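Worksheet: one structure, shown below.
Given the structure is predicted, the values throughout are model-derived calculations rather than measurements. Naming convention: chains lettered A, B, ... in sequence-line order (proteins, then strands); numbering from 1 in each chain.
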There are 2 protein chains.
Amino acid sequence: MSNEQALRQYDVKKYRTPDGYTSDIAVFTIRSTRNEMFKPPTMELHIMLIKRSMVDNEGRPNIEAGKWALPGGFVGPDETAYQSAARELKEETGVDHIHLQHYGVYDAPGRDPRGWIISNAHYAIVPEHQLAHRQANDDASEVELFSVEDVLQLDLAFDHAEIIADAITVIRHKLLETTVAKEFLPAEFTYSELQAVLLTVTKDSAIALDAAFARKIKTLPFIQEITGKKTTRTSKKPAQLYRFVDVEVNSSIYHARK
Amino acid sequence: MSNEQALRQYDVKKYRTPDGYTSDIAVFTIRSTRNEMFKPPTMELHIMLIKRSMVDNEGRPNIEAGKWALPGGFVGPDETAYQSAARELKEETGVDHIHLQHYGVYDAPGRDPRGWIISNAHYAIVPEHQLAHRQANDDASEVELFSVEDVLQLDLAFDHAEIIADAITVIRHKLLETTVAKEFLPAEFTYSELQAVLLTVTKDSAIALDAAFARKIKTLPFIQEITGKKTTRTSKKPAQLYRFVDVEVNSSIYHARK
DNA sequence: CCAATAGTGTCTATGAGACATTATCTA
DNA sequence: TAGATAATGTCTCATAGACACTATTGG
């Protein structure tokens, strides 16, 4: 096979190669202020950041020490950036099998002072209760949740201000244009719980008005009523429970919604 | 500044680094079979591929020689993958300032026999007439357009079958969920021309039925009627011309279309 | 006048949006 | 019973979708 001959003659050093390949993860969670019983929750979208340690795990001064940054790390040669992100997310937060998706590549020359380092940005959705036992690792002295309203005011490492801003834009769109809202909710939820999730990213009246939204949820093809099943966790009057169903969502700008 | 101290001590060889960083470009064009005068065009979506040369530019046997592949090449340290794609697109086809967008990263271990090589996939939209003077370069012995219906039957290099399949999925969605259809059309177009573009990716009746679509185009917020301007290039009866306007398109699955 | 495409008339059904009203439960 | 949330009733208006019909023009 002539490919083998070509490979023997191929010089892998022919082109200059990157100095590093990393994954970063924007971990989103929604904090519910469920202050009272029998009340629908008020929700606010948060992002998890780490504060970079002053010294690395070998005791030397750390790059961008003391600044807030997205969790992440270097990708190895035997994994994809996505697998690396999943692994790091588990190391960082202890959570596994959660919604994780790639959304961008950051490779502008000079973005990292250490050299030519390419970062793959991912976003993850973690229900708040799963973040309970999050922990700091070697690179991170602190782990904290910040409201997406405030996070860009922080002193952020590298080009993470840009990566975070993009993540927020992406999740705002995804929440409204796909069914990822599902990932923030329990398997069975009331209309007011879904509404609270969506209200973290929009103030649109069609979603904000209770009567309109309670009626609309019954017509959405990707949401199914669980007939006969109700809960009183959001009100004294038992509220109908719904679940997401896996149907393809058509969001064509030229079609009518079916 | 302590970052400088940290940098001096930073060992750039601490992690194993990729053997290469490349950009690939899925160039889409629509071929119009405008066989007769006074007829709306029939359109078919095509993708441009190159046939990899048997030998490289130094006369040595080429990797994946003779197979069809996406155009692309290695990214340099002083450019982004996007800039590299734009540059290569210009070298390959001579076209400049066209719609180009990143849509995926391909970094599965073993995807390229030459080593750990990461590819950034982009799609580009080039109006057919601009592809007139496309040319083969060192790596490519032939350049050809293939219908998206047939392209996956070819013997494709590397993991390009996957990259191309993803590109086709992406452009199908983008054509219906964004206003990129604009990039395939002249600045001023008739309803039947836009309809023909959309029919390359959907058979939906709301788009396929003339009367419905002719009426709908007037209500779309991102399309504007050019009052008083008509053309007879698609029929004997003069047809109204339209243009795209830059407005934000809301494609929320929970909202009504406004 | 024919053929072909562009575009309108008309009807029905559905659903958005607004606002009022009813239902259900606990403290 | 008060108060809160859930859910429905009712009205108006807009538009999707279907199908028939009219308009315009070159050959």
Side-chain angles (χ1 to χ4, degrees), chain A residues 32-43 188-196 199 202-221 223 225-242 250-258, chain B residues 32-43 188-196 198-199 202-221 223 225-242 250 252-258:
Chain A
S32 300
T33 51
R34 195 191 285 275
N35 13 21
E36 294 158 68
M37 295 289 288
F38 308 115
K39 282 228 165 201
T42 311
M43 295 181 171
E188 304 183 341
F189 54 89
T190 67
Y191 88 87
S192 64
E193 289 170 329
L194 173 58
Q195 186 186 30
L199 286 176
T202 185
K203 300 302 169 230
D204 187 289
S205 70
I207 287 173
L209 297 178
D210 293 335
F213 196 74
R215 199 171 254 135
K216 166 142 26 197
I217 196 170
K218 289 189 211 141
T219 71
L220 297 174
I223 291 181
E225 185 175 315
I226 308 172
T227 36
K229 197 152 180 200
K230 305 202 173 200
T231 182
T232 56
R233 67 173 175 255
T234 61
S235 76
K236 294 165 187 169
K237 172 168 177 181
Q240 179 61 51
L241 285 168
Y242 298 88
N250 166 23
S251 57
S252 161
I253 59 178
Y254 300 99
H255 289 63
R257 193 93 59 228
K258 272 283 174 45
Chain B
S32 300
T33 51
R34 196 190 284 276
N35 12 21
E36 295 158 65
M37 294 293 286
F38 308 115
K39 280 229 164 200
T42 310
M43 295 181 174
E188 304 183 340
F189 53 90
T190 67
Y191 88 87
S192 63
E193 289 170 328
L194 172 58
Q195 186 186 29
L198 299 178
L199 287 176
T202 185
K203 300 301 168 231
D204 188 289
S205 70
I207 287 174
L209 297 178
D210 292 336
F213 196 74
R215 199 172 255 134
K216 167 142 25 196
I217 196 171
K218 289 188 213 145
T219 72
L220 297 173
I223 291 180
E225 185 177 314
I226 308 171
T227 37
K229 199 155 178 197
K230 305 202 173 201
T231 183
T232 55
R233 67 174 175 257
T234 61
S235 77
K236 294 165 187 169
K237 173 169 177 181
Q240 180 60 49
L241 285 167
Y242 298 88
N250 166 27
S252 161
I253 59 177
Y254 300 99
H255 288 63
R257 192 92 60 228
K258 274 284 173 45

Subject >> Proximal nucleotide (of D/dA16, D/dG17, D/dA18) relative to the B/Ala206 side chain >> reply: D/dG17
**OP:** Could you check how far CD of A/Gln240 sits from P of C/dC25, rounded to whole Å?
**Re:** 14 Å
Subject >> Atom pair distance, as rounded to whole Å: NZ in B/Lys236 and P in D/dT22 >> reply: 21 Å
Original post:
If you check the A/Lys218 side chain, which of C/dT5, D/dA7, D/dA16 turns out closest?
Top reply: D/dA7
**OP:** Could you check how far CD of A/Glu225 sits from C1' of D/dT8, rounded to whole Å?
**Re:** 13 Å
**OP:** Measure the distance from CZ on B/Phe213 to C1' on D/dT15 and round it to the nearest whole Å.
**Re:** 16 Å
Original post:
Any donor-acceptor pair under 3.5 Å linking the side chain of A/Gln240 with the backbone of A/Glu225?
Top reply: no
**OP:** To the nearest Å, give me how far apart OH (B/Tyr191) and P (C/dT5) are.
**Re:** 9 Å
Original post:
Between atom CG in B/Asp210 and atom C1' in D/dG17, what is the gap in whole Å?
Top reply: 14 Å
Original post:
Of all the nucleotides listed (C/dG7, C/dA16, D/dT5), which has the minimum atom distance to the side chain of A/Thr234?
Top reply: D/dT5
Subject >> Closest to side chain of A/Ser205, choosing from C/dA18, C/dG7, C/dA6 >> reply: C/dA18
**OP:** Report the distance from atom CD1 of B/Ile217 to atom C1' of C/dA6, rounded to the nearest whole Å.
**Re:** 12 Å
**OP:** Verify the contact: side-chain N or O of B/Ser192 to OP1 or OP2 of C/dA6, cut-off strictly under 4.0 Å; return yes or no.
**Re:** yes
Subject >> Of the listed nucleotides C/dT24, D/dA20, C/dA6, the one nearest the side chain of A/Pro238 >> reply: C/dT24
Subject >> Closest heavy-atom pair and its distance - A/Glu188, A/Arg233 >> reply: O-NH2, 2.8 Å
Original post:
Closest nucleotide of DNA chain C for A/Arg215 versus for B/Lys237: which of these residues is on the 5' side?
Top reply: B/Lys237
Subject >> Minimum-distance nucleotide (side-chain atoms of A/Lys216 versus C/dG17, D/dG26, C/dT10) >> reply: C/dG17
Original post:
Which atom names give the shortest non-hydrogen contact between B/Thr234 and B/Ala239, and what distance separates them?
Top reply: OG1-CB, 4.2 Å
Original post:
Under 3.5 Å, side chain of B/Lys230 to main-chain N/O of B/Leu241, donor-acceptor pair present?
Top reply: no
Original post:
Do you know which two heavy atoms are closest between B/Asp210 and B/Gln195, and how far apart they sit?
Top reply: OD1-NE2, 3.2 Å
Original post:
Nearest-Å distance, CG (A/Leu194) to P (D/dA7)?
Top reply: 13 Å
Original post:
From the list C/dG7, D/dA6, C/dT5, which nucleotide is the closest neighbour of the side chain of A/Ala239?
Top reply: D/dA6
